[in-house]
Amino acid sequence: MTTTRKVRWGILGNARINRRFVPGVHAAGNAELVAIASRDEANAEQAAQKWGATKAYASYPALMADPAVEAVYIPLPNHLHAEWAIKAAQAGKHVLVEKPIALTVEEVQRIEDAAKANKVLVMEAFVYIYHPQHARVRQLIQQGAIGEMRTVHVTFSFVADFSKYNIRQDPAAGGGATWDVGCYAVSASRLLFGSEPPSVWADGYTRPGFQVDTSVAAILDFGEGRRALLDYGFEHGRSNYYEVYGTNGRLEISTMSPEPDATARIIITTDKGQQVEEFAPVNQFGLEVAAFSQAILDGTPAPLPLSDSVANTNVLVKLLQSMREKQPVRI
């Protein structure tokens with residue numbers, strides 16, 4: 001009987017997103033969770049017991065020193081992503097880093113240098129990409145289902161509770177709507193157009209008493225009148241979807257990241273009428289972990305290259321610059 005070797009994973013930190021990531025590891029047939037680290041020993045042991053890890057470490061370096069751990073997942077606060085991604089790469093571990101992978105282009109490039117020097121894979125965790133609906137949307141666009149693609153509208157938002165400390169409101173920790181949810185809107189726009197915007201413009205709002213952008217309206221200019229219109233932030237009800245407008249119609253999805261038990265839908269509207277394509281529920285985290293683990297096992301490039309992370313981070317930095325300068329910014 002043939003058995004699939006499993007990549008042995010460790011997690012740095014007992015972050016809230018682990019409740020979604022760890023079931024993904026368990027769902028992937030080529031991965032297994034072996035260790036969790038926390039700066040608090042009791043917390044690490046509790047998390048390891050909860051998620052079925054065989055080892056608990058009271059520090060991140062201790063986990064990375066374990067030869068049994070082949071790959072690490074980094075769900076730490078934004079400002080710590082680059083530091084620990086580089087340290088993990090230097091320890092010889094493959095690395096999956098939560099978005100945003102870093103807060104400057106230079107940091108992403110240093111991560112890329114560390115990955116190359118240590119011959120490991122490092123990838124930014126844009127989990128939505130692995131849902132099959134997005135590949136189908138791109139296929140429909142390429143087939144001309146809505147004519148020539150002209151405009152993308154992406155909305156990604158939720159209401160954040162800032163009545164007590166929330167890391168999303170902390171500028172020192174990489175807080176703000178652009179880093180937290182704008183990264184998705186930018187990523188989806190670039191994915192759908194399949195190119196980079198020559199210029200961007202953004203108008204940000206900062207809730208009184210705060211020091212970060214809490215909602216943003218932005219335009220990414222992809223040239224020849226093609227634009228992405230972005231609306232993201234912490235100021236209105238939970239939504240994450242996009243619409244694609246072409247010369248002969250439009251495509252829309254109800255959610256970029258459906259829950260594991262939710263059906264996804266693409267609605268195609270043209271002069272000939274409306275069609276709906278449905279996708280059975282899938283665990284996107286499981287698909288992400290499986291794709292990255294298989295690249296490790298096969299010795300092939302990561303599914304999402306760091307060059308994409310460099311480009312995405314560059315657009316995010318330029319959006320923040322546009323907000324500060326109150327004018328369009330060239331990429």
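As a basis for the values below, the full set of heavy atoms in this structure was taken, side chains included, without hydrogen atoms, waters or symmetry mates. Just so it is clear, the model here is predicted, and its values are computed rather than measured.
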**Report entry** Check: L33 main-chain N/O paired with H26 side-chain donor or acceptor under 3.5 Å
**Finding:** no

**Report entry** Any donor-acceptor N/O pair, K87 side chain to Y60 backbone, under 3.5 Å
**Finding:** no

Requested in this report: Decide whether V7 and V289 are clustered together by the hydrophobic rule: side chain heavy atoms of Ile, Leu, Val, Met, Phe, Trp, Tyr closer than 4.5 Å, transitively.
Outcome: yes

Query raised in the report: Should the heavy atoms of other residues, nucleotides or ligands under 6.0 Å from CD of Q211 be counted, would the total exceed 12?
Result: no

**Report entry** Nearest atoms (heavy-atom pairs only) where A102 meets A82
**Finding:** CB-CB, 4.1 Å

Query raised in the report: Side chains of D161 and S163: is there a donor and an acceptor less than 3.5 Å apart?
Result: yes

Query - Single-linkage hydrophobic cluster Y205~L320, side-chain heavy atoms < 4.5 angstrom - result: no

Report task. Decide yes or no for P132 and V282: does some side-chain heavy atom of the first lie under 4.5 Å from some side-chain heavy atom of the second? Result -> yes

**Report entry** Exam field: side chain S187 to backbone C183, donor-acceptor pair closer than 3.5 Å
**Finding:** no

Requested in this report: Determine whether F21 and L96 make a side-chain contact, defined as any pair of heavy atoms from C-beta on separated by less than 4.5 Å.
Outcome: yes

Query raised in the report: Under 3.5 Å, side chain of Q284 to main-chain N/O of E259, donor-acceptor pair present?
Result: no

Requested in this report: Taking all heavy atoms of V122 and all of L306, pick out the closest pair and write down the distance.
Outcome: O-CG, 3.5 Å

Query raised in the report: Does some side-chain heavy atom of L191 sit less than 4.5 Å from a side-chain heavy atom of R138?
Result: yes

Query raised in the report: Is there side-chain contact between I36 and W51, with heavy atoms separated by less than 4.5 Å?
Result: yes

**Report entry** Proximity of Y128 and H134 rings by center, below 6.0 Å
**Finding:** yes

Query raised in the report: For I11 and V22, what are the C-alpha separation, side-chain angles and deciding distance, and is it a side chain to side chain contact (heavy atoms under 4.5 Å, CB included)?
Result: CA-CA 9 Å; I11 300 177; V22 175; 3.7 Å; yes

**Report entry** Student check: side-chain heavy atoms of N314 and V310 closer than 4.5 Å
**Finding:** no

Report task. Start with the C-alpha distance between T263 and F279, add both sets of side-chain angles, then the distance that settles side chain to side chain contact (heavy atoms under 4.5 Å, CB included), and finish with yes or no. Result -> CA-CA 6 Å; T263 299; F279 296 79; 5.8 Å; no

Query - Atom pair CD1/CE of I111 and M123 - distance to nearest 0.5 Å - result: 13.5 Å

Query raised in the report: Is it the case that more than 12 heavy atoms not belonging to R19 sit under 6.0 Å from its CZ atom?
Result: yes

**Report entry** Sidechain-backbone polar pair: S59 side chain, A62 backbone, donor-acceptor under 3.5 Å
**Finding:** yes

Query raised in the report: Taking atom CD1 of I101 and atom CG of L304, what is their separation to the nearest 0.5 Å?
Result: 8.5 Å

Query raised in the report: What is the minimum heavy-atom distance between V95 and F292, and which atoms define it?
Result: O-CZ, 3.4 Å

Query raised in the report: Can you pull the salt bridge (charged side-chain N to carboxylate O under 4.0 Å, His left out) pairs that have at least one residue in residues 261-287, sequence neighbours excluded?
Result: R136-E277, R265-E278

Query raised in the report: Using a distance-only test with no angle check, is there a side-chain donor-acceptor pair under 3.5 angstrom linking T206 and D213?
Result: no

Query raised in the report: Taking all atoms of both residues into account, what is the closest heavy-atom pair of V159 and G237, and its distance?
Result: CG2-N, 4.0 Å

Requested in this report: Quick one: list whatever passes side-chain contact (heavy atoms from CB on, under 4.5 Å) with S254, sequence neighbours left out.
Outcome: none

**Report entry** Distance, nearest 0.5 Å, that separates CD of Q139 from CD of Q143
**Finding:** 4.5 Å

Requested in this report: Any chance you could measure N30, atom CG, to K6, atom NZ, to the nearest 0.5 Å?
Outcome: 8.5 Å

Query raised in the report: So, T247 and E148: side-chain donor and acceptor under 3.5 Å apart, yes or no?
Result: no

Query raised in the report: Linking I/L/V/M/F/W/Y whenever their side-chain heavy atoms sit closer than 4.5 Å, directly or via other members, would V108 and L103 fall into one cluster?
Result: no

Report summary line: salt bridge (charged side-chain N to carboxylate O under 4.0 Å, His left out) pairs touching residues 307-331, sequence neighbours excluded, are R190-D308

Query raised in the report: Just wondering, do P171 and F210 contact through their side chains at under 4.5 Å, heavy atoms?
Result: no

Query - S157 side, atom OG; L230 side, atom CG - distance, nearest 0.5 Å - result: 12.5 Å

Report summary line: Tightest non-hydrogen contact, residues A202 and S322, listed as N-OG, 3.0 Å

Query raised in the report: Applying the 4.5 Å side-chain criterion to the ILVMFWY set and letting contacts propagate, would F285 and V97 be lumped into a single cluster?
Result: no

Requested in this report: Give the cluster check for V105 versus I331: same hydrophobic cluster or not, with ILVMFWY residues linked at side-chain heavy-atom distances below 4.5 Å.
Outcome: no

**Report entry** Beyond-backbone contact of D180 with K99, side-chain heavy atoms, under 4.5 angstrom
**Finding:** yes

Query raised in the report: Can you tell if the side chain of V154 reaches within under 4.5 Å of the side chain of D231, non-hydrogen atoms only?
Result: no

Query raised in the report: Sub-3.5 Å donor-acceptor pair from the side chain of N283 to the main-chain atoms of G286, do we have one?
Result: yes

Query raised in the report: Given M323 and T178, is the side chain to side chain contact (heavy atoms under 4.5 Å, CB included) satisfied, shown in steps?
Result: CA-CA 11 Å; M323 286 180 233; T178 295; 3.2 Å; yes

**Report entry** Pair F162 and F234, ring centroids less than 6.0 Å apart
**Finding:** yes

Report task. For A172 and D170, work out which heavy atoms get closest and say how close. Result -> N-OD1, 3.0 Å

Identify all side-chain donor-acceptor contacts of residues 63-81 below 3.5 Å with residues at least two apart in sequence or on another chain.
from, atom 1, to, atom 2, distance (Å)
D66, OD1, K55, NZ, 3.4
D66, OD1, A68, N, 2.8
D66, OD2, K55, NZ, 2.9
D66, OD2, Y57, OH, 2.6
E70, OE1, R5, NH1, 3.3
E70, OE1, R8, N, 2.8
E70, OE2, R5, NH1, 3.2
E70, OE2, R5, NH2, 3.1
Y73, OH, E98, OE2, 2.8
N78, ND2, G174, O, 2.9
H81, ND1, E98, O, 3.1
H81, ND1, P100, O, 2.5
H81, NE2, L76, O, 2.5

Query raised in the report: For Q321, does the CD atom sit with more than 12 other heavy atoms under 6.0 Å from it, leaving out its own atoms?
Result: yes

Considering only distance and modelled atom types, tabulate donor-acceptor pairs under 3.5 Å from the side chains of residues 215-229, sequence neighbours left out.
from, atom 1, to, atom 2, distance (Å)
D221, OD1, G223, N, 2.8
R226, NE, G223, O, 3.2
R226, NH2, F222, O, 2.8

Requested in this report: Please determine which of Y184, Y241, Y232, Y242 meets the ring pair (Phe, Tyr, Trp, His ring centres under 6.0 Å) test together with F156.
Outcome: Y184

**Report entry** Residue pairs, two or more places apart or on separate chains, that pass side-chain hydrogen bond (donor to acceptor under 3.5 Å, both in side chains) and touch residues 103-124
**Finding:** E124-S309

Report summary line: So CE of M256 and CZ of F126: to nearest 0.5 Å the spacing works out to 8.5 Å

Report task. Go through the steps to decide whether H236 and T155 satisfy the test side chain to side chain contact (heavy atoms under 4.5 Å, CB included), and finish with yes or no. Result -> CA-CA 10 Å; H236 57 86; T155 294; 4.0 Å; yes

